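Structure record follows, encoded as structure tokens.
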Number of protein chains: 2
Amino acid sequence: MSDTYHHGNLRQALIEAGIRIINEQGEEQLSLRKVAATCEVSHAAPYAHFKDKEELLAAMQNSVNEQFTAQLQRAIASAASAEQKILAMGRAYISFFCHKPDYFTFLFGKQKLVAHLTMDEEHEEDYPPFKLLKAVFRQYLAESGAALPPAEQEVGLIKIWSSVHGMAALACMTGVETTIDWEQIKLQ
Amino acid sequence: MSDTYHHGNLRQALIEAGIRIINEQGEEQLSLRKVAATCEVSHAAPYAHFKDKEELLAAMQNSVNEQFTAQLQRAIASAASAEQKILAMGRAYISFFCHKPDYFTFLFGKQKLVAHLTMDEEHEEDYPPFKLLKAVFRQYLAESGAALPPAEQEVGLIKIWSSVHGMAALACMTGVETTIDWEQIKLQ
DNA sequence: CATACTATCTTTACACTGTCAAGATATAGA
DNA sequence: TCTATATCTTGACAGTGTAAAGATAGTATG
């Protein structure tokens with residue numbers, strides 16, 4: 001199969017066009033027909049390369065994940081110890097998605113909630129469950145007598161929330177809830 | 001405006017029907033027309049109560065969040081210290097979504113990725129970035145000389161991943177990246 | 001070279017979606 | 001009783017994913 005068939009390499013072109021649309025217009029604006037039109041091809045042409053819309057989406061995610069993995073790999077290359085590598089991965093992880101925020105929602109979903117994850121009291125009313133955790137966390141800080149600066153308070157809060165959230169995700173999807181030792185969640 | 005107008009209380013009925021559809025058929029199967037049909041009402045009737053499909057979705061999320069908050073509140077009621085409350089909230093958080101897994105994806109998005117968050121080597125090939133973290137984490141365990149049981153290994157891994165993931169979400173959505181002290185991510 | 005074969009792409013069609021506009025209907029208030 | 005308003009129905013439209021049938025162009029086989 002040649003490289004300059006009817007279109008050239010439509011499969012790859014569709015993947016790249018889809019990713020470009022997501023970055024420029026957001027995921028909810030992505031449709032098979034629009035991707036096909038971007039490649040100047042009929043609306044049913046993608047079905048020669050992908051069984052589904054889902055299969056194109058999966059191919060797009062694979063492509064993004066390759067870039068993501070490459071960046072992580074680059075980050076740990078120069079780190080000495082494993083602990084350093086973990087920290088470097090954390091930085092690279094966040095850096096990657098900060099430069100391409102649409103990739104984050106594309107890979108992980110909506111996630112709008114986390115915008116409320118700050119300790120300031122302005123967005124207090126936004127997300128009730130998190131408001132509750134904030135209040136309890138302030139109480140915890142008071143009890144433990146620690147006078148942390150605001151930035152560190154935020155980090156502590158995020159650590160708790162994201163740990164629990166990640167565990168809930170794991171437990172929901174895999175059902176391994178009972179194997180988790182909850183005492184491990186404790187602060188510090 | 002009476003309580004037994006044409007339909008009774010269509011607004012509430014639509015919200016409940018929508019939630020039921022999500023629990024029984026999944027979110028991707030939810031459509032305005034199907035919700036309307038479930039309430040035995042014409043396909044345009046919801047527009048008397050909701051401007052958008054999005055507005056109905058938001059109302060449904062509010063309803064679920066109310067249940068969620070109530071369960072968290074119940075959990076912390078009997079806890080003595082703030083630290084105990086945080087742990088109780090963590091347990092209640094996970095318990096809530098374990099009993100209604102579709103609520104989790106409904107509120108937080110896809111999240112299928114986290115199914116790979118186990119330390120067993122079977123799903124190793126699933127998600128390359130996470131595979132990388134797993135390898136580095138094993139290396140870290142070896143370096144630190146700790147012989148943790150598998151369950152605790154998983155918890156450590158989840159703590160790191162979910163912390164970084166949660167911080168990436170925060171940084172992407174709010175742009176507060178620079179205020180975070182990364183040294184805090186360290187293990188323990 | 002001629003033929004058959006296969007991958008690729010187009011055209012047409014269908015059911016389904018969200019949304020809007022115009023009209024019907026029933027309740028509330030004057 | 002009359003009017004106004006909220007609620008609901010009907011009908012329409014553009015856009016969606018997808019399947020079927022046909023056209024086209026490359027590849028392989030004789």
Side-chain angles (χ1 to χ4, degrees), chain A residues 1-63 102 105-106 109-110 112, chain B residues 1-64 102 105-107 109-110 112:
Chain A
M1 141 183 45
S2 154
D3 222 29
T4 49
Y5 190 62
H6 288 169
H7 173 276
N9 189 353
L10 183 55
R11 189 191 147 89
Q12 191 58 30
L14 290 168
I15 292 174
E16 289 170 8
I19 292 176
R20 200 172 329 115
I21 289 177
I22 281 185
N23 273 321
E24 290 169 2
Q25 315 180 30
E27 187 176 0
E28 72 288 341
Q29 283 297 320
L30 181 133
S31 73
L32 263 184
R33 290 172 112 103
K34 196 184 282 185
V35 175
T38 302
C39 296
E40 288 171 317
V41 115
S42 85
H43 64 265
Y47 284 88
H49 302 274
F50 303 100
K51 174 181 142 292
D52 253 339
K53 183 187 185 185
E54 225 180 331
E55 207 172 278
L56 170 60
L57 267 290
M60 288 165 54
Q61 290 181 353
N62 276 342
S63 174
D102 287 291
T105 54
F106 178 48
K110 321 172 189 172
K112 287 169 193 164
Chain B
M1 145 184 37
S2 152
D3 222 29
T4 48
Y5 191 61
H6 286 171
H7 174 277
N9 190 353
L10 182 55
R11 190 191 146 89
Q12 191 59 30
L14 289 169
I15 292 174
E16 289 170 7
I19 291 176
R20 200 172 330 116
I21 288 176
I22 281 185
N23 273 320
E24 290 170 1
Q25 315 180 31
E27 188 176 2
E28 73 288 340
Q29 283 297 321
L30 181 134
S31 74
L32 263 185
R33 290 173 112 102
K34 195 183 283 185
V35 175
T38 302
C39 296
E40 287 172 319
V41 117
S42 86
H43 64 264
Y47 284 88
H49 301 273
F50 303 100
K51 173 181 143 290
D52 255 341
K53 184 188 183 182
E54 225 179 331
E55 207 171 278
L56 171 60
L57 267 291
M60 287 164 53
Q61 290 181 354
N62 276 342
S63 175
V64 172
D102 288 291
T105 54
F106 179 49
L107 292 183
K110 319 174 192 171
K112 287 169 194 166

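Computed from a prediction, not measured in an experiment: that's the story for all the values here. So that the names make sense, note that chain A is the first sequence line, chain B the second, and so on, each numbered from 1. Basis for what follows: all heavy atoms, side chains included, without hydrogens, waters or symmetry-related copies.
- For the pair A:Asp52 CG and D:dA19 C1', the computed distance is 12 Å after rounding to whole Å.
- The minimum heavy-atom distance linking A:Ile15 with A:Met60 is given by the pair O-CG, 3.7 Å.
- Around CD of A:Glu28, the count of heavy atoms belonging to other residues, nucleotides or ligands within 6.0 Å exceeds 12.
- Nucleotide D:dG15 holds its C1' atom 14 Å from the CG atom of A:Leu30, rounded to whole Å.
- Considering every non-hydrogen atom in both A:Ile22 and A:Asp102, the closest pair reads O-CG, 3.6 Å.
- Positionally, the nearest nucleotide of DNA chain C for A:Ala45 lies more toward the 5' end than for the other of A:Arg33 and A:Ala45.
- Between A:Leu32 atom CG and D:dG17 atom P there is a gap of 5 Å when expressed in whole angstrom units.
- B:Tyr47 has its OH atom 7 Å from the P atom of C:dC20, to the nearest Å.
- Residues from residues 13-24 of chain A with heavy atoms under 4.0 angstrom of DNA chain D: there are none.
- Checking C:dT19, C:dT10, D:dT9 against every side-chain atom of B:Val41, the shortest atom distance belongs to D:dT9.
- Nearest heavy atoms, B:Ile19 versus B:Ser63: CD1-OG, 3.7 Å.
- Between the side chain of B:Lys53 and the main chain of B:Leu32, no donor-acceptor pair closer than 3.5 Å is present.
- Rounded to 10 degrees, the angle between the two end axes of the helix from C:dC1-D:dG30 to C:dA30-D:dT1 is 0°, with five pairs used at each end.
- Between A:Lys53 atom NZ and C:dT17 atom C1' there is a gap of 12 Å when expressed in whole angstrom units.
- Closest approach of B:Lys34 and B:Gln29 over heavy atoms only: NZ-O, 3.0 Å.
- Minimum heavy-atom separation, A:Gly18 to A:Val35: CA-CG2, 4.1 Å.
- Taking the nucleotide of DNA chain D with the nearest heavy atom to each of B:Ser42 and A:Ala44, the more 5' of the two is matched to B:Ser42.
- Between B:Glu55 and B:His49, the closest heavy-atom pair is OE2-O, 4.1 Å.
- Per the geometry, CZ belonging to B:Phe50 stands 15 Å off C1' belonging to C:dG18, to the nearest Å.
- Between the CG atom of A:Asn9 and the P atom of C:dA7 there is a distance of 16 Å, given to the nearest Å.
- An OP1 or OP2 oxygen of C:dC9 is reached within less than 4.0 angstrom by a side-chain nitrogen or oxygen of A:His49.
- The distance from atom CZ of A:Arg11 to atom SG of A:Cys39, rounded to the nearest 0.5 Å, is 13.0 Å.
- Rounded to an integer number of Å, the gap from CD of B:Glu28 to C1' of D:dG17 is 14 Å.
- As judged by a 4.0 angstrom heavy-atom cut-off over every strand, A:His43 is placed among the base-contacting residues.
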